[in-house]
Amino acid sequence: MRKGAKAAVVGSVFAVMVGGAGYGAFNIVNALDGGGSGGGGAGGGDEPVAVKSGPPGGAEVKDVSGRFFGAWEKGQAAVAARLTDNAAKAEPLLTSYGRAAHITGVKITPGAAVGDSVPYTVRATVSYDGTSKPLAYSSRLTVVRGLTTGKALVDWQPSVVHPGLKDMDDTLVTGEAAAPPIEAVDRDGVVLTKEKYPSLGPILDQLRAKYGDAAGGTAGIELAVRHAAPDTADTPLLTLAEGKAGKLPTTLSAGVQAAAEKAVRKYPESSVVAVKPSTGEVLAVANHRTDGWNAAFLGEVAPGSTMKIISAATLIDNGLTTASGPAPCPPSAVSESQTFQNIKGMTPNENATLSESFARSCNTAFVKFADEVKVDSLTDEAADRFGIGLDWQTGIPSFDGSVPAAGGPDTAAGLIGQGKVQMNPLNMASVTATAMTGAFRQPVIVPLSLDDREPARARGLSSSTVQQLRSMMNRTATSGTAAEVMAGLGGRIGAKTGSAEVDGQAKSDSWFTGYRDDVAAAAMTQDGGHGVDASGPIVAEVLRAG
């Protein structure tokens with residue numbers, strides 16, 4: 001769902017190359033040590049030099065990590081950098097550690113190595129403008145074999161310096177905070193903190209960066225991570241001098257947020273968003289991800305069969321069928337020479353209605369309409385009726401969905417939420433809210449009146465289309481694919497399940513969206529399987545709290 005996949009692939013290739021040689025083996029290659037003067041051997045000729053390969057041994061791990069820690073403690077950035085496999089990136093960050101971050105008195109205590117991995121704790125002092133505070137944290141490094149030199153080297157990652165550094169160009173800075181602190185409160189005045197609601201950490205940082213001045217606070221002095229990624233606010237690590245916090249109202253609900261936090265913790269790489277359909281206000285946003293990224297608002301992935309809400313509306317609004325009209329569900333369907341299948345075990349029904357095919361999540365029923373819809377029909381429906389792809393002004397950065405006009409087999413794929421269609425839980429929660437009320441109300445996490453933002457606008461749905469969508473979603477929630485997950489929820493309910501195939505994943509992404517009275521929620525779990533396997537229980541728990 002985010003940048004970094006290419007780096008991971010390169011890392012995998014590297015591991016294969018090193019591991020394939022076998023432990024303790026030797027390759028005969030020309031010396032390519034950057035410190036040489038032409039790549040020749042010791043005698044200055046062109047004789048090949050034996051270069052050790054295979055994983056570093058315990059003694060090597062201890063030696064190179066010890067020398068690296070020693071140079072780091074002494075502030076010898078260039079020396080420490082040369083002990084890594086990326087000195088060009090390591091030296092500036094290690095230099096800024098003492099200069100821009102004003103960190104001194106560094107004492108590093110390594111723990112017991114586990115193979116090529118060494119855990120350690122760092123204790124130091126941060127001093128700025130006459131104020132000092134102690135700093136303590138833990139991290140870990142890995143020792144690898146240099147491919148060309150054969151030397152044992154520290155595998156350079158910014159997290160070696162501090163675990164809060166994620167991107168290769170992130171850095172640490174100490175000084176006056178980029179923005180005054182805020183005291184964010186929910187819709188009932190309850191204070192929201194990252195300690196109580198961990199998922200809100202990055203979001204509160206973004207709100208602080210954008211609204212800190214407007215909220216009336218004054219900046220303090222702090223050590224912070226300055227992120228290289230665009231639209232990513234500084235992450236405070238240590239406060240040296242307190243600023244004055246300004247109060248910032250949000251649309252969030254502390255109770256729904258707590259339920260969302262608890263729900264996503266049960267499933268790795270999960271995200272969920274809840275909105276209030278009658279207003280568009282975001283009630284909760286939670287992520288459980290190893291990278292700490294707000295995938296709930298910023299993700300860009302295929303939504304699978306949850307997209308069939310928009311697809312069904314497209315078929316209805318273009319006069320191709322109705323909820324009670326025909327939508328046959330054959331075992332397979334072909335569009336532009338590409339064959340599409342249903343999930344394993346689905347019984348075909350050539351006499352199915354759109355309502356039945358929707359509730360059972362029959363792919364082939366929708367694919368069969370690919371030749372009848374225009375290339376841009378789905379795109380127009382998504383934008384004009386549901387507000388997808390418009391410039392949303394939520395109050396923090398968001399990806400607002402994408403349903404590009406695509407011909408060929410991508411038209412059929414788009415109808416079932418695959419191909420080039422990209423969404424996130426925020427988008428699908430909004431789609432569900434629009435399907436339930438008929439009106440597109442652009443989601444917001446802080447009131448529009450706070451800074452006079454102009455929201456995105458779409459014309460919404462006719463009352464007839466809304467009635468049919470709600471009927472189909474209610475059928476899905478009570479007797480279709482979502483029935484087991486939604487069981488026990490009272491009031492007006494509706495849902496849609498989904499799963500999206502992703503290249504390179506063992507299982508599909510799990511998607512689920514649903515509503516209960518005036519709460520709509522959507523969730524996605526990467527590599528989570530079917531919609532009811534992971535995302536369904538998340539959404540049900542949030543709806544129950546709402």
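- Listed by first then second residue, pairs satisfying ring-ring contact (aromatic ring centres under 6.0 Å, His included) with a partner in residues 150-200 read Tyr137-His162, not counting sequence neighbours.
- Partners of Trp392 according to the ring-ring contact (aromatic ring centres under 6.0 Å, His included) rule, which considers only residues two or more places apart in sequence or in another chain, are Phe440.
- Between Ala520 and Thr432 the shortest heavy-atom distance is CB-CG2, 4.0 Å.
- Residue Thr394 forms a side-chain contact (heavy atoms from CB on, under 4.5 Å) with just one option from Val285, Leu426, Val444, and that option is Leu426.
- Side chains of Asp518 and Ser278: a donor-acceptor N/O pair is present below 3.5 angstrom, by distance only.
- Side-chain atoms of Asp129 and Thr131 form no donor-acceptor pair, as typed in the model, at a separation below 3.5 Å.
- Paired with His227 under the rule side chain to side chain donor-acceptor pair (under 3.5 Å), one option of Asp167, Thr235, Thr232, Asp234 passes, and it is Thr235.
- Not counting sequence neighbours, the partners of His102 by the ring-ring contact (aromatic ring centres under 6.0 Å, His included) test are Tyr128.
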Just list the side-chain donor-acceptor pairs under 3.5 Å for residues 108-127, sequence neighbours left out, or say none.
unit_1: Ser117; atom_1: OG; unit_2: Arg140; atom_2: NH1; d: 2.8
unit_1: Tyr120; atom_1: OH; unit_2: Val160; atom_2: O; d: 2.4
unit_1: Ser127; atom_1: OG; unit_2: Ser132; atom_2: OG; d: 2.6

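- Applying the ring-ring contact (aromatic ring centres under 6.0 Å, His included) test to every pair with at least one member in residues 245-269, sequence neighbours left out, gives no pairs at all.
- Using a 3.5 Å distance cut-off with no hydrogens or angles, the side chains of Gln393 and Asp391 do pair a donor with an acceptor.
- Contacts of Asp527 classified as salt bridge (charged side-chain N to carboxylate O under 4.0 Å, His left out), with partners at least two apart in sequence or in another chain: none.
- Side-chain contact, Gln157 with Ser159: no donor N or O sits under 3.5 Å from an acceptor N or O.
- Within the model, atoms CD1 of Ile538 and NZ of Lys262 stand 13.5 Å from one another, a figure rounded to the nearest 0.5 Å.
- A salt bridge does not link Glu281 with Lys276: none of the charged nitrogens is closer than 4.0 Å to a carboxylate oxygen.
- In this model, a donor atom of one side chain and an acceptor atom of the other lie less than 3.5 Å apart for Asn287 and Ser271.
- Using modelled atom types, one finds a donor on one side chain and an acceptor on the other under 3.5 Å when comparing Ser199 with Glu261.
- A salt bridge links Asp205 with Lys194: the closest approach of a Lys/Arg side-chain nitrogen to an acidic carboxylate oxygen falls below 4.0 angstrom.
- The two atoms that bring Ala284 and Gln257 nearest to each other are CA-OE1, 3.3 Å, heavy atoms only.
- With Leu252 as reference, Val282 is the one residue of Val282, Val446, Leu283 to meet the side-chain contact (heavy atoms from CB on, under 4.5 Å) rule.
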